A.B. asks: 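The following block contains the structure, expressed as structure tokens.
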Amino acid sequence: MKLKALNGFKDILPGETELWRQVEDRARDVFARFNFAEIRLPILEKTELFARSIGETTDIVEKEMYTFIDKQITLRPEATASLLRAYIEHGLYVQKPVQRLFTVGPMFRHERPQQGRLRQFHQMDAEVLGSANPRVDAELMTMGSMLLAELGLNVSLELNSLGCPACRPAFRESLLSFLGSRQDALCEDCKRRSVTNPLRVLDCKNPNCRAIVADAPSIQEHLCPECATHFQAVQDGLDQLGIVYSLNKFMVRGLDYYCRTTFEFITADLGSQSAVCAGGRYDGLVEQLGGPKAPGIGFAMGMERLVLLLLQKEQKIEPPAEIDIFIAGLGGDASRLAFSLMQGLRKAGARVTMDLDARSLKSQMKQADKAGARHVLMIGEEELAKKAGMLRNMATQEQREIPFGDEGLRMLLEATAAGR
RNA sequence: GUGGGCGUGGCCUAGUUGGUUAGGGCACCUGGUUGUGGCCCAGGAGGUCGUGGGUUCAAGUCCCAUCGCCCACCCCA
């Protein structure tokens with residue numbers, strides 16, 4: 001096998017696409033109920049956009065981006081940056097004080113692939129721009145929660161606040177001094193993280209580090225009054241809407257732009273990639289990218305992770321019959337008639353197919369069965385002589401004559417409609 | 001970037017201490033029904049055993065190299 005897809009890039013084959021569509025259709029339905037409008041974005045942007053929004057020193061920007069170096073353009077590693085760029089570029093903030101937008105599509109990160117992690121993966125992103133109201137946070141999480149619930153997935157919501165530029169530095173200092181005194185006990189990764197990104201030590205998976213960090217200062221207790229008020233209001237909103245969540249003071253997010261509210265919907269059924277949906281608030285980012293003072297919050301859902309979970313549930317989705325009528329033509333003349341009859345039925349809206357190779361009737365019946373055909377219209381020498389085809393209902397095995405011509409076409413369409 | 005595991009027809013796989021034409025299941029095709037699907041039966045097509053080299057009278061099996069995939073670390077949806 002010479003030509004194959006790149007490592008970390010996957011074909012989504014027929015059979016699986018059905019599940020993907022279920023996920024996406026359900027998402028569009030839920031997003032619509034929450035009054036979100038779709039926005040479609042390019043997947044290539046100037047490298048600078050991602051560097052400035054995600055953060056120059058994040059792993060994503062430092063080593064995971066697919067960049068055309070000579071052109072200084074990059075395949076998007078996430079959607080928020082592009083969405084904000086479009087929001088600013090088209091002055092969407094002028095048209096409506098609060099914009100609620102969603103987008104669906106592929107993202108690219110050059111990471112080592114593993115379960116639930118690909119180099120091209122797909123996300124559904126929802127963002128609310130122009131409001132700092134904590135109810136927006138609660139509403140957005142509610143939307144995510146509803147979608148996951150309607151997909152039948154068992155996930156839990158974890159909530160934290162990362163503070164803001166006013167209070168995070170003080171917390172950082174206090175955390176740094178705490179870590180400083182325990183350097184020797186930390187794992188190698190955490191020693192490194194203590195320097196590069198101390199908050200990251202909080203969510204280390206190493207049990208030893210977890211034990212140490214259990215006594216670390218809590219970000220939730222270091223919030224400034226404004227952030228504390230906001231955080232409490234978010235929780236009140238979730239409580240009011242009946243959304244169950246748990247506070248997790250160890251949860252940090254990887255992207256630089258997050259502030260205040262951060263959250264993750266996590267599952268125990270995906271190996272180590274446990275987050276199926278995650279997001280947070282990013283007040284100040286729009287401004288930082290050259291836009292107005294518009295606060296924002298959003299989340300991203302990993303579609304292949306959702307699909308993996310749905311596949312695990314083994315809820316065998318009976319594929320619906322896909323074909324209304326299979327026309328079995330026996331012999332050259334019948335096959336020729338079937339060919340034009342098929343087109344007439346398709347024009348009238350029916351799903352029709354036939355065996356263009358006109359193999360044996362037995363073979364054609366098998367094909368019809370496999371295609372999930374509800375009816376088979378048989379046309380052989382007898383039928384040609386009688387000027388009427390034989391219509392077989394595949395479920396009931398009943399057969400009846402259908403005359404050629406307009407009257408017959410009407411009967412076929414009736415049978416088709418009744419079968420659906 | 002770092003570790004571990006695995007590569008046998010389209011898919012899942014058997015292959016014992018190296019020993020005749022690499023076996024089975026699913027799927028596919030044909031026939032059993034001179035024109036009737038699902039079940040069953042019979043037959044058929046389909047494989048450079050990831051690739052290259054080495055050891056040997058003999059390699060799917062042993063050795064080396066290489067490529068690919070998977071899982072985990074890292075990171076994150």
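Sequence lines set the chain letters: A, B, ... in the order given, protein chains first and strands last, and positions in each chain run from 1. Keep in mind that what you see is a predicted model, and the values were worked out from it rather than measured.
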A.B. asks: To the nearest angstrom, how far is A:N206 atom CG from B:A72 atom C1'?
C.D. replies: 14 Å
A.B. asks: Salt bridge or not for A:E383 and A:K386, using N-O below 4.0 Å?
C.D. replies: no
A.B. asks: Could you measure between the two C1' atoms, the one in B:U16 and the one in B:C40, and give it in whole Å?
C.D. replies: 34 Å
A.B. asks: So, is A:R200 near the phosphate of B:C74, with a side-chain N or O under 4.0 Å from OP1 or OP2?
C.D. replies: no
A.B. asks: Go through the N and O atoms of the side chain of A:Q397 and the base of B:U36, and report whether any donor-acceptor pair is under 3.5 Å.
C.D. replies: no
A.B. asks: If you look at every strand shown and take non-hydrogen atoms under 4.0 Å, does A:E382 touch a base, only sugar-phosphate, or nothing?
C.D. replies: base
A.B. asks: What orientation do A:F102 and A:F31 show, parallel under 30°, tilted 30 to 60°, or perpendicular over 60°?
C.D. replies: tilted
A.B. asks: Going by atom types only, do A:Q115 and A:S272 share a side-chain donor-acceptor pair under 3.5 Å?
C.D. replies: no
A.B. asks: How would you label the contact of A:I266 with the nucleic acid (heavy atoms, under 4.0 Å): base, sugar-phosphate, or nothing?
C.D. replies: nothing
A.B. asks: Write down the partner of B:G44 under the Watson-Crick or G-U wobble criteria, each distance required to be under 3.5 Å.
C.D. replies: B:C28
A.B. asks: Could you measure between the two P atoms, the one in B:C39 and the one in B:C28, and give it in whole Å?
C.D. replies: 9 Å
A.B. asks: What interatomic distance, in whole Å, is found between C1' of B:C62 and the corresponding atom of B:G24?
C.D. replies: 26 Å
A.B. asks: Provide the Watson-Crick or G-U wobble partner of B:G1, both distances under 3.5 Å; none if there is no partner.
C.D. replies: B:C73
A.B. asks: Can you see if the side chain of A:R112 gets near the phosphate of B:G3 - specifically, an N or O under 4.0 Å from OP1 or OP2?
C.D. replies: no
A.B. asks: Given that A:Q399 and A:G271 both sit by RNA chain B, which one's nearest nucleotide is further toward the 5' end?
C.D. replies: A:Q399
A.B. asks: If you measure from the P atom in B:G9 to the same atom in B:U48, how many Å do you get, rounded?
C.D. replies: 8 Å
A.B. asks: When the P atoms of B:G53 and B:G60 are compared, how many Å lie between them, rounded to an integer?
C.D. replies: 14 Å
A.B. asks: Nearest to the A:L255 side chain among B:C74, B:G37, B:A77, which nucleotide is it?
C.D. replies: B:A77
A.B. asks: Using a cut-off of 4.0 Å on non-hydrogen atoms, how would the nucleic acid contact of A:M303 be classed: base, sugar-phosphate, or nothing?
C.D. replies: nothing
A.B. asks: To the nearest angstrom, how far is A:E381 atom CD from B:G35 atom C1'?
C.D. replies: 10 Å
A.B. asks: Quick one: do the A:D355 and A:Q364 side chains pair a donor with an acceptor below 3.5 Å?
C.D. replies: no
A.B. asks: Return no unless some side-chain N or O of A:S272 is found under 4.0 Å from OP1 or OP2 of B:C71.
C.D. replies: no
A.B. asks: A:D11 CG to B:C11 P: how many Å, rounded?
C.D. replies: 13 Å
A.B. asks: Indicate whether the side chain of A:T103 and that of A:D125 have a donor and an acceptor atom separated by less than 3.5 Å.
C.D. replies: no
A.B. asks: Would you call A:R28 and A:E38 a salt bridge, taking side-chain N to carboxylate O under 4.0 Å as the test?
C.D. replies: yes
A.B. asks: Please give the distance between the C1' atoms of B:G68 and B:G23 as a whole number of Å.
C.D. replies: 26 Å
A.B. asks: Identify whether any heavy atom of A:Q115 sits under 4.0 Å from a base atom; if not, whether one sits that close to sugar-phosphate; answer base, sugar-phosphate or nothing.
C.D. replies: sugar-phosphate
A.B. asks: Between A:R192 and A:R253, who's closer to the 5' end of RNA chain B by nearest nucleotide?
C.D. replies: A:R192
A.B. asks: Kindly indicate whether the side chain of A:R117 and the base of B:C75 share any N or O donor-acceptor pair separated by less than 3.5 Å?
C.D. replies: yes
A.B. asks: So, is A:K366 close to the B:U30 phosphate, meaning a side-chain N or O under 4.0 Å from OP1 or OP2?
C.D. replies: no
A.B. asks: Using whole Å, what does the distance between atom C1' of nucleotide B:U2 and atom NZ of A:K205 come to?
C.D. replies: 15 Å
A.B. asks: Could you tell me which nucleotide pairs with B:U66 by Watson-Crick or G-U wobble geometry, both distances under 3.5 Å, or answer none if nothing does?
C.D. replies: B:G50
A.B. asks: Within this structure, what is the CG-to-P distance between A:L118 and B:A72, rounded to whole angstrom?
C.D. replies: 12 Å
A.B. asks: Does any N or O donor sit under 3.5 Å from an N or O acceptor when you compare the side chain of A:E383 with the base of B:G35?
C.D. replies: yes
A.B. asks: Would you mind pulling out the nucleotide paired to B:A58, Watson-Crick or G-U wobble, both distances under 3.5 Å?
C.D. replies: none
A.B. asks: Does the side chain of A:K362 get closer than 4.0 angstrom to OP1 or OP2 of B:U34 through an N or O atom?
C.D. replies: no
A.B. asks: Taking the six-membered ring of A:Y87 (Phe, Tyr or Trp), confirm whether the NZ or CZ of A:R85 is under 6.0 Å from its centre and within 45° of its axis.
C.D. replies: no
A.B. asks: Rounded to the nearest angstrom, tell me the gap between atom CD in A:E64 and atom P in B:G1.
C.D. replies: 12 Å
A.B. asks: Looking at A:E127, A:R253, A:Q288, which one forms a side-chain hydrogen bond (donor to acceptor under 3.5 Å, both in side chains) with A:Y282?
C.D. replies: A:E127
A.B. asks: Does A:N7 put a side-chain nitrogen or oxygen below 4.0 Å from OP1 or OP2 of B:C70?
C.D. replies: yes
A.B. asks: Let's see if you can work this out: which of B:G37, B:A77, B:U30 has an atom nearest to the side-chain heavy atoms of A:D369?
C.D. replies: B:G37
A.B. asks: Quiz question: going by heavy-atom distance under 3.5 Å, is there a donor-acceptor pair between the base of B:C71 and the side chain of A:Q273?
C.D. replies: no
A.B. asks: Does A:E78 reach a base, just sugar-phosphate, or nothing at all? Heavy atoms under 4.0 Å.
C.D. replies: nothing
A.B. asks: Respond yes when some side-chain nitrogen or oxygen of A:K370 is under 4.0 Å from OP1 or OP2 of B:G38, and no when none is.
C.D. replies: no
A.B. asks: Pick the P atom in B:U8 and in B:C69, then give their distance to the nearest Å.
C.D. replies: 14 Å
A.B. asks: With a non-hydrogen cut-off below 4.0 angstrom, is A:A368 in contact with a base, only sugar-phosphate, or nothing?
C.D. replies: nothing
A.B. asks: In terms of the angle between their ring planes, are A:F171 and A:H222 parallel, tilted or perpendicular, with boundaries placed at 30° and 60°?
C.D. replies: perpendicular
A.B. asks: Write down the distance between CZ (A:R119) and C1' (B:C74), rounded to a whole number of angstrom.
C.D. replies: 14 Å
A.B. asks: What contact category does A:E264 fall into here, base, sugar-phosphate, or nothing, at under 4.0 angstrom with non-hydrogen atoms?
C.D. replies: nothing
A.B. asks: Tell me the interatomic distance from A:L199, atom CG, to B:C76, atom P, rounded to whole angstroms.
C.D. replies: 12 Å
A.B. asks: Give one of base, sugar-phosphate or nothing for A:E62, where a contact means two heavy atoms less than 4.0 Å apart.
C.D. replies: nothing
A.B. asks: Which value, in whole Å, describes the distance between the C1' atoms of nucleotides B:G7 and B:G50?
C.D. replies: 6 Å
A.B. asks: Please work out if A:S363 contacts a base, only the sugar-phosphate, or nothing of the nucleic acid, heavy-atom cut-off 4.0 Å.
C.D. replies: sugar-phosphate
